[in-house]
Trainee: 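Structure incoming, see below.
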Protein chains: 2
Amino acid sequence: MATIADVAQHAGVSRSTVSHALSGKRPISLATRERINEAIIALKFTPNAGAKALATSKSSIMGLVISITPEEFAPATMQYVLVVSETARSLGYDVLMVTEVDGAEGITRVTDSNLVDGVLVLDVKRHDDRAVSILGARQPGVLMGYAEGNESLDSVDLDFAAAGRLLVRHLFDYGHREVIFITFPEELFAQSVGFAWRFRDAAVDTAAELGVSLNIVYGGTNPVRRYQGVEEALDRHPTATALLVHNEGVLVDLPMLLAQRRLSVPRDLSVVSVFSEQFGSMFSLPYTAIEASPKPVATRAVQLLAARIADRERPVVSELLEPVLIDRGSSRAI
Amino acid sequence: MATIADVAQHAGVSRSTVSHALSGKRPISLATRERINEAIIALKFTPNAGAKALATSKSSIMGLVISITPEEFAPATMQYVLVVSETARSLGYDVLMVTEVDGAEGITRVTDSNLVDGVLVLDVKRHDDRAVSILGARQPGVLMGYAEGNESLDSVDLDFAAAGRLLVRHLFDYGHREVIFITFPEELFAQSVGFAWRFRDAAVDTAAELGVSLNIVYGGTNPVRRYQGVEEALDRHPTATALLVHNEGVLVDLPMLLAQRRLSVPRDLSVVSVFSEQFGSMFSLPYTAIEASPKPVATRAVQLLAARIADRERPVVSELLEPVLIDRGSSRAI
DNA sequence: CTGAAAGCGCTTACAG
DNA sequence: CTGAAAGCGCTTACAG
């Protein structure tokens, strides 16, 4: 493979001139620039990533930390992964997957070895040891989610608290006073996964304020129990007029389940939820919902990390994207 | 950050001795080994990835090439990604995502720069320019799928032809003579994505041999058209006794669709399919199916790539995993 | 606008 | 069993 020395020789200049032509870090005369470009093409030169990383202490790689727990729903995650990868590429970065079960250890591994310039964390928990791990690393990190007590880390997420408030208020405005709230398995709350507890707590508080009776149902961790859980909830609360669903797994089954019970939406039951447009269209979900916004969240997270890598001194930001309600007509006034 | 020189100094040995202690490439006396280990711990030494890559021309990174087309179904892909990452880690490799729209270009980018030691390709097409791209690279690649005319590349895949034969034969043995075969959108066939055409062609041939009337339906590219397509097929072939489904998107909707038509499985209609156990349990699919085997395929692909990286001269292998039918009772004799 | 040279942090023949 | 030194392919002060 051609090295920068080969290019320099071919172009009749020094290696440093080639390097500067490549980086644009100092002015190069038109004539030499052209000869260098010719040489690069003739020799099919591509800079060696390892050498560059060694010389600059920058790998141009972002680590993406994913901790897949069995409770979580893989399809939703893929969207984040893809958008992270594309956005990173557009900013000149590659993306390395960090999927070890112990995410904190994985972070230490890729940062200590200088493999990555920074780290993105998905599915952040309330007290997340991965945040701690980042704080101990030389490289910066950005949370896609929200961790308490880590205000020193950049983060971006959908404002799940606002989402909870907005949906409960939406149902309240339509006159609903008894609502079944289906959320994630209790395991996710035990781990304090941000999107779960922030939504739940806000929904519960708002319901209490407005005088809405909100019956919480924690989703089952397997399909069968998930399905049964919803059925039981419907049996137990026959007078409930609306379903508030924050659980992708339940959503996939819901149209079928309601059809089998001969429940028409929104005639017999209003349904509102949280999911991404892409997810909804994948499973033909006909429900009014807060847009889960994987794309803006992932895009923004990558931008924040790139900005942080470029400037370690810039002020820390913690962005919460405002929830947007997409009305698909699955709720009605009663 | 501590370097190998710091460790050497701390331990009172030379850098080469530390390096050899690390790699185990030559015997080190117990005493020095212990002093070195002490130093490593005391200084929290981790080898610099870039320096190592430069010195050895090995990055210990595998590239994973994913080309997500809108026609494809993301949830199924995530399983491959995760298993690839975990298996790679267990063999000492990290995984870099290569998601550019032009996969061939992405491959050239990460191989020419020596960023990766090899490349794994998902969703291989019959004539895949990514295979060509790999053949032109210094690093080896393994296809998770099957590309014609690239017998010089290692590959591994489920034997989709055998799967097609097995399912048609299964229905034939149960006495079915009129079957609706729902497969992927025609776009996938235009691109000649391996799992689509190999399954279809085998199913069609076997049906012809056995005298089974096989009515092909190409799935719609969006949920609505997908759903309608199935409905139309059922309308058009009221005397069909079985459904052969090779399309994850359709499968997700199927229980609902059949319930709405008051069709009981297998009483009114036998249904057989292809999907992974994990996918099936995610969507509570009650259908007898060939196990799609993302785990063995992905695991094997990573192993093959690691073996190929270690020995460029080993014989090329093209492995087809034997399909396994998991009987969930959704087909019956008629 | 350009070059010579040191340095990034490893590995590995070579020598003992 | 161990060390001195060259080399991997870049970048970047320093000098002109």
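Not measured: the values here are computed from a predicted model. Order of the sequence lines sets the chain letters (A, B, ...), proteins ahead of strands, with each chain counted from 1.
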Trainee: Of all of residues 39-53 of chain A, which get a heavy atom below 4.0 angstrom from DNA chain D, listed by number?
Mentor: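 Contacting residues: A/Phe45, A/Thr46, A/Pro47, A/Asn48, A/Ala51, A/Lys52.
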Trainee: Considering only atom P, compute the distance from D/dC1 to D/dA5 and round it to an integer number of Å.
Mentor: 24 Å
Trainee: Which is more 5' along DNA chain D, the nucleotide nearest A/Met1 or the one nearest A/Arg26? Just name the residue.
Mentor: A/Met1
Trainee: For a quick test of reading the model, state the closest non-hydrogen atom pair linking A/Ala298 to A/Tyr80 and the distance between them.
Mentor: CB-O, 4.0 Å
Trainee: Given the P atoms of D/dA6 and D/dT2, what is the spacing between them in whole Å?
Mentor: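 Those two atoms are separated by 23 Å.
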Trainee: Does a donor on one side chain and an acceptor on the other come within less than 3.5 Å for A/Ser67 and A/Arg130?
Mentor: yes
Trainee: What I want to check is whether the side chains of B/Ser133 and B/Thr108 have a donor and an acceptor closer together than 3.5 Å.
Mentor: yes
Trainee: Compute whether any side-chain donor of one residue and acceptor of the other, for B/Ser14 and B/Thr17, lie under 3.5 angstrom apart.
Mentor: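 Short answer, yes.
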Trainee: C/dG16 and C/dT12: how far apart are their C1' atoms, nearest whole angstrom?
Mentor: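 These two C1' atoms come out 16 Å apart once rounded.
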Trainee: Is B/Ser23 touching bases, backbone alone, or none of the nucleic acid, heavy atoms closer than 4.0 Å?
Mentor: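 Nothing, no nucleic acid heavy atom in range.
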Trainee: Find out whether B/Arg308 and B/Val316 are in side-chain contact, i.e. whether some heavy atom of one side chain is under 4.5 Å from a heavy atom of the other.
Mentor: yes
Trainee: Go through DNA chain D in 5' to 3' direction and return only the first and the last nucleotide with some atom under 4.0 Å of chain B's heavy atoms.
Mentor: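 Going 5' to 3' along DNA chain D, contacts run D/dC1 to D/dG9.
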Trainee: Under a 3.5 Å cutoff, is there a donor and acceptor pairing between the side chains of B/Ser16 and B/Ser19?
Mentor: no
Trainee: Between A/Val116 and A/Met62, which heavy-atom pair has the shortest distance, and what is it?
Mentor: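 Nearest pair, atom of A/Val116 first, then A/Met62: CG1-C, 4.2 Å.
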Trainee: In terms of side-chain geometry, is the basic nitrogen of B/Asp117 or B/Lys58 positioned less than 4.0 Å from the acidic oxygen of its partner?
Mentor: no
Trainee: I need the minimum non-hydrogen distance between A/Val18 and A/Ile36, along with the two atoms involved.
Mentor: CA-CD1, 4.0 Å
Trainee: Remember a base hit wins even if backbone is also touched, and classify B/Leu54 as base, sugar-phosphate or nothing at under 4.0 Å, heavy atoms.
Mentor: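 Touches a base.
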Trainee: Taking the nucleotide of DNA chain D with the nearest heavy atom to each, does B/Ala55 or B/Thr17 sit closer to the 5' end?
Mentor: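 That would be B/Thr17.
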Trainee: Using a heavy-atom cut-off of 4.0 Å across all strands, would you classify A/Ser19 as base, sugar-phosphate, or nothing?
Mentor: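 Base, at least one base heavy atom under 4.0 Å.
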Trainee: Tell me the closest heavy-atom pair linking B/Leu115 and B/Ser59, and the distance in Å.
Mentor: O-OG, 2.7 Å
Trainee: Looking for any heavy atom pair under 4.0 Å, which part of the strands does A/Ser16 touch: base, sugar-phosphate only, or nothing?
Mentor: base
Trainee: Under a cut-off of 3.5 Å for both distances of each Watson-Crick or G-U pair, what dot-bracket string does DNA chain D give, using [ ] for crossing pairs and | for inter-strand pairs?
Mentor: |||.||||||||.|||
Trainee: Return the CG to CG distance between B/Leu54 and B/Asn114, rounded to the nearest 0.5 Å.
Mentor: 9.5 Å
